[in-house]
Protein chains: 2
Amino acid sequence: MVTIKDVARIAGVSTATVSRVIHDGAQVGPVCRARVKKVIAELGYRPNSNAQALVGKTSRTIGVVTPKLSMSFFGTLACGVEKSARENNYKLLMANSLYETKSELDALNSLREHNCHSIILHSDYSDHKTLTKLANDIPGLVLINRYIPKIANRCVWLDNVQGAEQAAQYLLDKGHRKFAVVTSIYRNGDPELRVQGTRQALERAGIDLPNTAIEESTANIEGGEQAVNALLAKGCKFTAILAYNDLMAIGAIHALFAAGLRVPQDVSVIGFDDLPLARACRPRLTTMHYPVEEMANYASNLAIELNEPNKKIGSRTHLFLAELVERDSVAPPPEG
Amino acid sequence: MVTIKDVARIAGVSTATVSRVIHDGAQVGPVCRARVKKVIAELGYRPNSNAQALVGKTSRTIGVVTPKLSMSFFGTLACGVEKSARENNYKLLMANSLYETKSELDALNSLREHNCHSIILHSDYSDHKTLTKLANDIPGLVLINRYIPKIANRCVWLDNVQGAEQAAQYLLDKGHRKFAVVTSIYRNGDPELRVQGTRQALERAGIDLPNTAIEESTANIEGGEQAVNALLAKGCKFTAILAYNDLMAIGAIHALFAAGLRVPQDVSVIGFDDLPLARACRPRLTTMHYPVEEMANYASNLAIELNEPNKKIGSRTHLFLAELVERDSVAPPPEG
DNA sequence: CTGAAAGCGCTAACAG
DNA sequence: CTGTTAGCGCTTTCAG
């Protein structure tokens, strides 16, 4: 490994000078600078970022904690952060939280050991109190997909209620009057919020959503299938299904087809998230676009800013809105 | 930040002792150890891994370089590495290479600055020579999805030829005789290999694959659609399509349906990779399972082993095989 | 404009 | 079994 000392020795200068050259400090003469740069290039020297982090009290590293990187949503989230990291010359440290409170915290701590002060956390199971405390301990912590009023300026979130409302309103506008809702059993907040949004839109239109028209299951394809099968089994009548997310929506479509119902001719289905999947299935899924990548990018920039000592972050809020993407899984209800 | 010194002072011992306790060195008395542990817990002390890396000459960090984390395939790859990292108490550093030679190398270098000696690289565009040189420079570098004979013991790869052969043979066994191939324009090796495997299986069955039955396009859904439309436009006759990957297969199915052809009744389609998508589309896609997660996990363990000074890695080879997953997109050819 | 020197937090001999 | 000491590679005053 070639160190700053090697460069200094060969260039015939002190390590301090080399350091200055590296950091483009103006405090060094042009000839000297040129010589040092030459030696750096020749030796292929690159500064050891561990040493830099050690002395600098902070590493140019941004950490990301999400449940599971192999899920499309989180991979996209990571990508958004990566872009910001790359542009700001930060490195990206990742850890899966695996949907467990304990490993969520473990993951976070492992990042802190690295002096990683900019952290994007997608927390599913830690409570507000824990997170608020964490945010106070870690100046560069930003929560994504979560809203906690006390630390609002550290939360980058999406208005789930508004998104679900919009989805329901769209279905209403298409003429639907009989709805079913397929939601998630997970109690991390989002499902309730989306159901609430749906309810609000329907109530405004004078339509009641009976509890029998709501079916809960796991938030994946199988869950969507199960939920729709349960709905069908109990004779629930509907011309449109609002699914918690795209995965459940796709499962719903599968179950519908298996039962001889066509989408969207007999039943319309709307999803949420706009995963890559939504463009791949048939019919292509009409859904609410969740701008994760954009949000993650924003969150990352925010986390980095938060660590810049001079910048003062006010109590601004970071709210994003879901956007309707019309594709092929929604049509007006069948006649009669 | 609480340091080892704080712990030492409060526990009334030297930093060396604290260090020993941290590393479970047996060289410390039980009472003393207990006291130190207590103080560590009380203070919430966690060692600074930058300092550890600095003195230890190597950081417990494993790096991953892939084109784009938001792609399902690479997210899954990262997950495989993450699991191994977590189990071995390593941290995960990620960098996107964005499908460019230069950023591939940039990404790699940024990892090296971190003293990150265990690296998993998914290289698409660097040539054998560059990679061989890199492998010599970085003892813990492991290539995934690439085979270079000279550094075979550092390559974790999949036999694409065999996989494609198997897919073609499966179609042959179902009774198909008229094939079309939808492949990728990217020249990173895989497409050629898969076409070659297909050719081999067909030739063995005495079937010729005319160049007109092969259509190239981008390796995504749109590419699959385009390719099939081109095939259809030039009046190519086939009862089965072998797609370069699942994305192109799904695109192919879309184009087929748009043209009034049913899958699998009129035309069978087989994919490659077995992305989550393959289970979500309709008909569910029959495809060759690419065990990326398993391979990545293996590669990560290998990379970590490579950095353990005493272990001698022989010239073993690390070849994985694709496996057929039968779902619903393949059926016997229509009568006549 | 440049160098000397101190020290970031930690580990690893070497003593005792 | 435990403490002392000397750095790891780098940045940053403080002098010059």
Side-chain angles (χ1 to χ4, degrees), chain A residues 1-37 39-40 43-61 89 91 109-117 309, chain B residues 1-37 39-40 43-61 89 91 109-117 309:
Chain A
M1 164 179 272
V2 29
T3 75
I4 200 172
K5 275 189 191 167
D6 300 324
V7 177
R9 186 169 31 80
I10 296 179
V13 297
S14 73
T15 60
T17 301
V18 179
S19 179
R20 286 180 190 117
V21 171
I22 293 168
H23 297 285
D24 273 330
Q27 318 282 42
V28 49
V31 262
C32 180
R33 168 185 306 267
R35 189 152 30 103
V36 172
K37 281 201 167 174
V39 175
I40 288 180
L43 264 46
Y45 165 76
R46 271 152 333 91
N48 178 325
S49 51
N50 292 116
Q52 290 180 314
L54 183 56
V55 58
K57 294 300 203 190
T58 176
S59 67
R60 288 189 84 81
T61 302
N89 192 28
K91 281 164 192 69
N109 283 333
S110 86
L111 297 185
R112 296 178 72 185
E113 291 171 13
H114 252 279
N115 263 359
C116 173
H117 294 140
Chain B
M1 164 180 273
V2 28
T3 75
I4 200 172
K5 276 188 189 165
D6 301 323
V7 177
R9 185 167 33 76
I10 296 179
V13 296
S14 73
T15 62
T17 300
V18 178
S19 178
R20 285 179 190 118
V21 171
I22 293 167
H23 296 285
D24 273 331
Q27 318 284 41
V28 50
V31 264
C32 179
R33 169 186 306 265
R35 188 154 29 103
V36 172
K37 281 201 167 174
V39 175
I40 288 180
L43 265 47
Y45 164 75
R46 272 154 332 89
N48 178 325
S49 52
N50 292 116
Q52 291 180 315
L54 183 55
V55 58
K57 295 301 201 187
T58 175
S59 67
R60 288 189 84 79
T61 302
N89 192 29
K91 282 163 193 70
N109 283 334
S110 86
L111 298 185
R112 297 179 71 186
E113 291 172 11
H114 251 280
N115 262 3
C116 174
H117 293 141

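Throughout, a chain's letter reflects where its sequence line sits, starting with A, and its residues are numbered from 1.
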Student: Tell me the interatomic distance from B/R35, atom CZ, to D/dT2, atom P, rounded to whole angstroms.
Tutor: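 In whole Å, D/dT2 P and B/R35 CZ are 8 Å from each other.
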Student: Determine yes or no for a side-chain-to-main-chain donor-acceptor pair under 3.5 angstrom, with A/S59 supplying the side chain and A/N115 the backbone.
Tutor: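 Judged by distance alone, yes, a pair lies under 3.5 Å.
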Student: Separation of B/I40 atom CD1 from C/dC10 atom C1', in whole Å?
Tutor: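 To the nearest whole Å, that distance equals 13 Å.
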Student: Whole Å only: how far is the CG atom of A/N115 from the P atom of D/dC10?
Tutor: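 For the pair A/N115 CG and D/dC10 P, the rounded distance is 17 Å.
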Student: Closest approach to the side chain of A/A51, judged atom by atom: which nucleotide of D/dT2, D/dT11, D/dG9 is it?
Tutor: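 The listed nucleotide nearest to A/A51's side chain is D/dG9.
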Student: Using the side-chain heavy atoms of A/H23, tell me which of these nucleotides is nearest: D/dG3, D/dC14, D/dT11.
Tutor: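 For the A/H23 side chain, the nearest candidate turns out to be D/dT11.
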Student: Atom CZ of A/R33 and atom P of C/dC1: how far apart are they, to the nearest Å?
Tutor: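 For the pair A/R33 CZ and C/dC1 P, the rounded distance is 9 Å.
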Student: Tell me whether the OP1 or OP2 atom of C/dT11 has a side-chain N or O from B/Q52 closer than 4.0 Å.
Tutor: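 Indeed, a polar side-chain atom of B/Q52 lies that close.
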Student: Would you tell me if any nitrogen or oxygen in the side chain of A/T3 comes within less than 4.0 Å of OP1 or OP2 on D/dG9?
Tutor: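 Checking A/T3 against D/dG9: no side-chain N or O falls below 4.0 Å of OP1 or OP2.
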Student: Has the side chain of A/R20 got a donor or acceptor atom that lies under 3.5 Å from a matching backbone atom of A/V28?
Tutor: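 Looks like no, no N/O pair under 3.5 Å.
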Student: Whole angstroms only, please: what is the CZ-P distance between A/R60 and D/dT11?
Tutor: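 Atom-to-atom, A/R60 to D/dT11, this comes out as 12 Å.
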Student: Hey, which sits more toward the 5' end of DNA chain C by its nearest nucleotide, A/T15 or A/P30?
Tutor: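 By nearest-heavy-atom nucleotide position, the 5'-most residue is A/P30.
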Student: Roughly how many Å is it from CE in A/M1 to C1' in D/dG9, rounded to a whole number?
Tutor: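 The distance from CE of A/M1 to C1' of D/dG9 comes to 8 Å, rounded to the nearest Å.
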Student: To the nearest Å, give me how far apart CD1 (B/I4) and P (D/dT4) are.
Tutor: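 Checked: the CD1 to P distance equals 14 Å.
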Student: Under 3.5 Å, is there a donor-acceptor pair between the side chain of B/T61 and the main chain of B/K91?
Tutor: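 Absent.
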Student: Students often get this wrong, so: under 4.0 angstrom with heavy atoms, is A/V18 touching a base, only sugar-phosphate, or nothing?
Tutor: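 Nothing, no heavy atom under 4.0 Å.
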Student: If you check the A/R20 side chain, which of C/dC8, C/dA12, C/dG3 turns out closest?
Tutor: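 Of the options given, the side chain of A/R20 lies nearest C/dG3.
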Student: Counting heavy atoms from C-beta on, name the nucleotide in D/dC10, C/dC8, D/dT13 closest to the side chain of B/K5.
Tutor: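 For B/K5, the side-chain atoms sit closest to C/dC8.
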Student: Report the nucleotide, chosen from D/dC8, C/dT11, D/dT12, that has the shortest atom-to-atom distance to any side-chain atom of B/I22.
Tutor: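 The answer is C/dT11, which lies nearest to the side chain.
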Student: Under the side-chain contact (heavy atoms from CB on, under 4.5 Å) rule, what do A/I22 and A/I4 come out as? Steps first, then yes or no, please.
Tutor: CA-CA 10 Å; A/I22 293 168; A/I4 200 172; 4.3 Å; yes
Student: Drop me the distance from A/L111's CG to A/H114's NE2, to the nearest 0.5 angstrom.
Tutor: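 Taking CG in A/L111 and NE2 in A/H114, the distance rounds to 8.5 Å.
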Student: Strictly below 4.0 Å: does A/T17 bring a side-chain N or O up to OP1 or OP2 of C/dG3?
Tutor: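 For A/T17, the contact criterion (side-chain N or O under 4.0 Å from OP1 or OP2 of C/dG3) is met.
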Student: How many whole angstroms separate atom CG of B/L43 from atom P of C/dG9?
Tutor: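 Roughly 14 Å, once rounded to whole Å.
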Student: Starting at the 5' end of DNA chain D, which residue's closest nucleotide do you reach first, B/C32 or A/N48?
Tutor: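 Closer to the 5' end of DNA chain D: B/C32.
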Student: Establish, with yes or no, whether the OP1 or OP2 oxygen of C/dA4 is under 4.0 angstrom from a side-chain nitrogen or oxygen of A/S14.
Tutor: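 For C/dA4, neither OP1 nor OP2 has a side-chain N or O of A/S14 closer than 4.0 Å.
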